[in-house]
Amino acid sequence: MSDKKIENNTKVPKTRNFVHELVEKDLMEGRNDKRVHTRFPPEPNGYLHIGHAKAICIDFGTAEKFGGKCNLRFDDTNPSKEETEYVDSIKEDIKWLGFDWEDRIYFSSDFFDKLSDFAVKLIKEKKAYVDEQSAELISKQKGSPTRPGTDSPFRNRPVEESLDLFARMKAGEFENGAMVLRAKIDMTSPNMHLRDPLMYRIMHAEHHRTGNKWCIYPMYDYAHGQCDYFEGITHSLCTLEFEVHRPLYDWFANELADTEYRPRQIEFSRLNLTYTMMSKRNLLALVEEGLVSGWDDPRMPTLSGMRRRGFTAQSIKNLVEKVGVTKTKGMTDFALLEHAVREDLNKKAQRLMGVLNPLKVIVTNFPEDKVEMVSAVNNHEDESAGRREVPFTHELYIEKEDFMEDAPKKYFRLSVGREVRFKYAYFLTCTNVIKDENGEIIELHCTYDPETKGGNSPDGRKVKGTIHWVSATENVEAEVRLYDRLFNFEDPANEKDKDFREMLNPDSLKVLPKCYIEPFVTQMKVLDHFQLERMGYFNIDKDTTANKIVVNRTLSLRDNWAKKMGK
RNA sequence: UGUCCCAUGGUGUAAUUGGCAACACGUCUGUUUUUGGUACAGAAGAGUCUAGGUUCGAGCCCUAGUGGGACAACCA
């Protein structure tokens with residue numbers, strides 16, 4: 001009753017995309033008993049990256065939208081590249097993103113027997129044959145996209161022969177590459193994938209799940225669609241490069257099906273991010289060559305890297321939502337991701353004060369042995385986060401860049417003779433600059449106004465600037481790691497004549513070994529997010545030990561001042 | 001000498017065929033501010049790749065062209 005009213009009066013912008021429209025149409029037409037069942041099918045040969053996150057959101061999200069289910073399926077048909085380590089990391093990353101496959105976890109290898117049986121059926125129907133030619137010859141006979149292929153001499157061999165050879169392939173009688181099983185379709189098709197595609201190859205290799213049980217393994221085109229079928233998938237969502245595979249997908253499905261049910265492949269465009277390289281091959285090389293510290297290096301576009309860096313699962317999901325689902329190839333600005341992260345963290349992050357590039361300040365009129373606690377707000381965006389106490393002492397640290405000797409009048413920070421607010425504490429005025437023999441500033445002398453405790457003056461006096469600070473005696477030392485883009489090129493994958501190693505940004509990691517953070521930071525656990533006021537969002541790195549805190553800067557705050565100065 | 005896919009501000013997307021195009025990011029102004037953050041207010045920026053066609057009317061439909069992309073792994 002009132003529900004309808006709400007529906008009519010509130011404009012809830014439905015997030016609809018072309019995939020949803022196609023699914024809706026299928027539902028209206030009553031296809032597949034009006035079921036919606038999707039799957040996320042990673043190959044366990046690497047860590048998931050932000051591009052996979054898009055697919056995960058679309059696969060699980062589409063199912064959720066239509067009250068359906070989404071399976072997790074490991075597409076493990078090539079034992080030479082796949083490992084259990086990857087299976088584990090993939091599961092962890094999907095969970096972290098907040099999706100749940102419940103008990104529906106599958107492996108293509110679960111279906112090896114069924115796949116093999118179905119292959120035998122196709123042989124018997126004269127729709128598949130064993131080809132004993134070399135890979136080179138087969139490839140040559142396939143022709144080119146503009147020239148038709150020619151038939152293999154084995155194409156029309158007797159069924160019995162193929163049956164026998166396939167059985168012996170399976171039994172391990174032949175060496176790798178000795179022969180393959182091919183589907184008999186059309187060597188002159190304008191679609192290369194229909195020119196008698198390979199279904200099985202011989203590969204004597206240990207599989208991470210089936211061990212040495214098999215020495216023939218199904219190819220992607222043969223395995224994928226059939227696994228979709230076995231799992232009851234209705235909508236097989238994948239990226240654009242599989243578009244040309246769809247006729248083959250449908251061909252196999254029609255051969256296998258004995259009911260009206262048909263899975264359907266729908267393709268969408270991948271996610272590309274500026275200054276980011278998404279190819280698994282190159283990511284693997286970065287890891288193996290030690291160009292980064294591992295798959296979870298905070299500069300990596302992997303989900304584990306981004307998680308370690310401090311990006312939140314919510315922000316990644318929000319990014320995917322903002323980017324949308326289309327078939328147009330695009331390049332998403334990294335700034336959109338940054339915005340999503342800041343938007344999320346701004347609401348959630350505990351505020352702390354910390355100094356990255358310390359400059360000592362002596363408060364000459366503050367007692368040397370006194371520790372005065374001042375009250376600070378934990379999160380201005382969240383009243384319920386409460387307040388905490390921060391120690392103020394005779395010696396403090398401020399940020400080097402918060403002091404300037406000959407400051408322009410638009411500079412709102414500390415300078416000789418100027419008064420600024422030390423956030424949550426007092427107004428301080430700089431009286432003296434102490435330099436070493438090289439003229440380097442090593443220390444500032446300031447006086448504080450005891451009347452301004454908390455950061456306001458009873459006489460209504462205003463100050464233009466507010467800066468953060470940390471006690472030089474009551475603090476926690478930390479190593480802070482600052483990150484910048486890993487690549488210097490906006491679209492590294494598109495620089496065909498450059499090796500990706502040449503495109504690496506030499507300044508992508510900057511380590512500040514000695515930073516000072518207020519004592520409250522000790523309450524933070526690994527991966528906990530916080531904001532160092534004015535300096536950005538940070539989290540605790542897993543390299544943290546009992547006697548050394550290591551902190552990552554996830555992202556700086558937006559900085560209009562720096563922008564202005566940069567001009 | 002092929003088949004298929006795509007084409008809307010800088011970027012990513014939106015627009016039951018019918019009010020010379022909306023939103024987000026980014027950019028720029030201003031207001032507020034104990035973060036030069038946030039929030040708020042506002043501005044600039046496209047006439048929808050091109051040419052035809054259908055229509056009273058086209059970003060949406062049709063045709064051709066142009067540009068970009070995918071396809072010739074015993075990878076997925």
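All heavy atoms count here, side chains included; hydrogens, waters and symmetry mates do not.
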Distance in angstrom units between F174(A) CZ and rC74(B) C1', rounded: 16 Å
Sugar-phosphate only, base, or nothing, as touched by Q133(A) at under 4.0 Å among non-hydrogen atoms: base
Six-ring centre of F107(A), R209(A) cation under 6.0 angstrom, axis tolerance 45°: yes
Note: E43(A)-K280(A) ion pair, threshold 4.0 Å (strictly below): no
Pairing of K348(A) and D344(A) as salt bridge, 4.0 angstrom limit: yes
Candidates rC74(B), rA76(B), rG36(B) - which lies nearest the side chain of N560(A): rG36(B)
From rC25(B), rU35(B), rA72(B), nucleotide with atom closest to R534(A) side chain: rU35(B)
Rounded distance (nearest 0.5 Å) linking atom NZ of K25(A) with atom CG of L27(A): 12.0 Å
For rC71(B), the Watson-Crick or wobble counterpart (both distances under 3.5 Å): rG2(B)
Touch class at under 4.0 angstrom, heavy-atom based, for H193(A) against every strand present: sugar-phosphate
Sugar-phosphate only, base, or nothing, as touched by R351(A) at under 4.0 Å among non-hydrogen atoms: base
Please write out the pairs of protein N or O atoms and N or O atoms of nucleotides 6-13 of chain B separated by less than 3.5 Å, giving the distance to one decimal.
unit_1	atom_1	unit_2	atom_2	d
rU11(B)	O3'	M331(A)	O	3.2
rU11(B)	O2'	M331(A)	O	3.0
rG12(B)	OP1	M331(A)	N	3.1
rG12(B)	O2'	V323(A)	O	3.0
rU13(B)	OP1	T326(A)	OG1	2.9
rU13(B)	OP2	T328(A)	OG1	3.0

Contact under 4.0 Å: T77(A) side-chain N or O vs rA76(B) OP1/OP2: yes
Sugar-phosphate, base or nothing in reach of M179(A), heavy atoms under 4.0 Å: nothing
Protein-nucleotide distance (L137(A), atom CG; rA73(B), atom P), rounded to Å: 14 Å
Which residues share a side-chain hydrogen bond (donor to acceptor under 3.5 Å, both in side chains) with R155(A), sequence neighbours left out: D196(A)
Toward the 5' end of RNA chain B, by each residue's nearest nucleotide, L532(A) or P145(A): P145(A)
Sugar-phosphate, base or nothing in reach of H468(A), heavy atoms under 4.0 Å: nothing
Euclidean distance, Y222(A) OH relative to Y200(A) OH, rounded to 0.5 Å: 5.0 Å
Sugar-phosphate, base or nothing in reach of Q531(A), heavy atoms under 4.0 Å: base
Residue K81(A), side-chain heavy atoms: nucleotide from rC71(B), rC75(B), rG37(B) that is nearest: rC75(B)
Main-chain N/O of L48(A) paired with T302(A) side-chain donor or acceptor, under 3.5 Å: no
Distance in angstrom units between I467(A) CD1 and rU33(B) P, rounded: 20 Å
R558(A) side-chain proximity, nearest of rG37(B), rC71(B), rG36(B): rG37(B)
Residue S144(A), side-chain atoms from C-beta onward, closest of rU38(B), rA72(B), rA76(B): rA72(B)
Geometric class of the Y217(A)/H207(A) ring pair [parallel <30°, tilted 30-60°, perpendicular >60°]: parallel
Pairwise P distance, rG59(B) and rG47(B) [rounded to whole Å]: 13 Å
R413(A) (side chain) and rG36(B) (base): donor-acceptor pair under 3.5 Å: yes
Spacing of the C1' atoms in rC6(B) and rG26(B) (rounded, Å): 25 Å
Sugar-phosphate only, base, or nothing, as touched by N191(A) at under 4.0 Å among non-hydrogen atoms: nothing
Watson-Crick or G-U wobble mate for rG45(B), both contacts under 3.5 Å: none
Of the listed nucleotides rG37(B), rC75(B), rG36(B), the one nearest the side chain of M203(A): rC75(B)
Pairing nucleotide - rA39(B), Watson-Crick or G-U, each distance under 3.5 Å: rU31(B)
Donor/acceptor link under 3.5 angstrom from E338(A) side chain onto base of rG26(B): no
Contact under 4.0 Å: S139(A) side-chain N or O vs rA73(B) OP1/OP2: yes
Sugar-phosphate only, base, or nothing, as touched by Y426(A) at under 4.0 Å among non-hydrogen atoms: nothing
Touch class at under 4.0 angstrom, heavy-atom based, for K347(A) against every strand present: nothing
Mate of rG59(B) where both pairing distances stay under 3.5 Å, Watson-Crick or G-U: none
Short side-chain N/O contact from R201(A) to OP1 or OP2 of rA76(B), under 4.0 Å: yes
Anti or syn - rG47(B), cut at 90° from 0: syn
Nucleotide opposite rA64(B) in a Watson-Crick or G-U pair, distances under 3.5 Å: rU50(B)
Sugar-phosphate, base or nothing in reach of N456(A), heavy atoms under 4.0 Å: base
Geometric class of the F40(A)/H52(A) ring pair [parallel <30°, tilted 30-60°, perpendicular >60°]: perpendicular
Sugar-phosphate only, base, or nothing, as touched by F242(A) at under 4.0 Å among non-hydrogen atoms: base
From rA70(B), rU27(B), rA72(B), nucleotide with atom closest to M192(A) side chain: rA72(B)
Touch class at under 4.0 angstrom, heavy-atom based, for T274(A) against every strand present: nothing
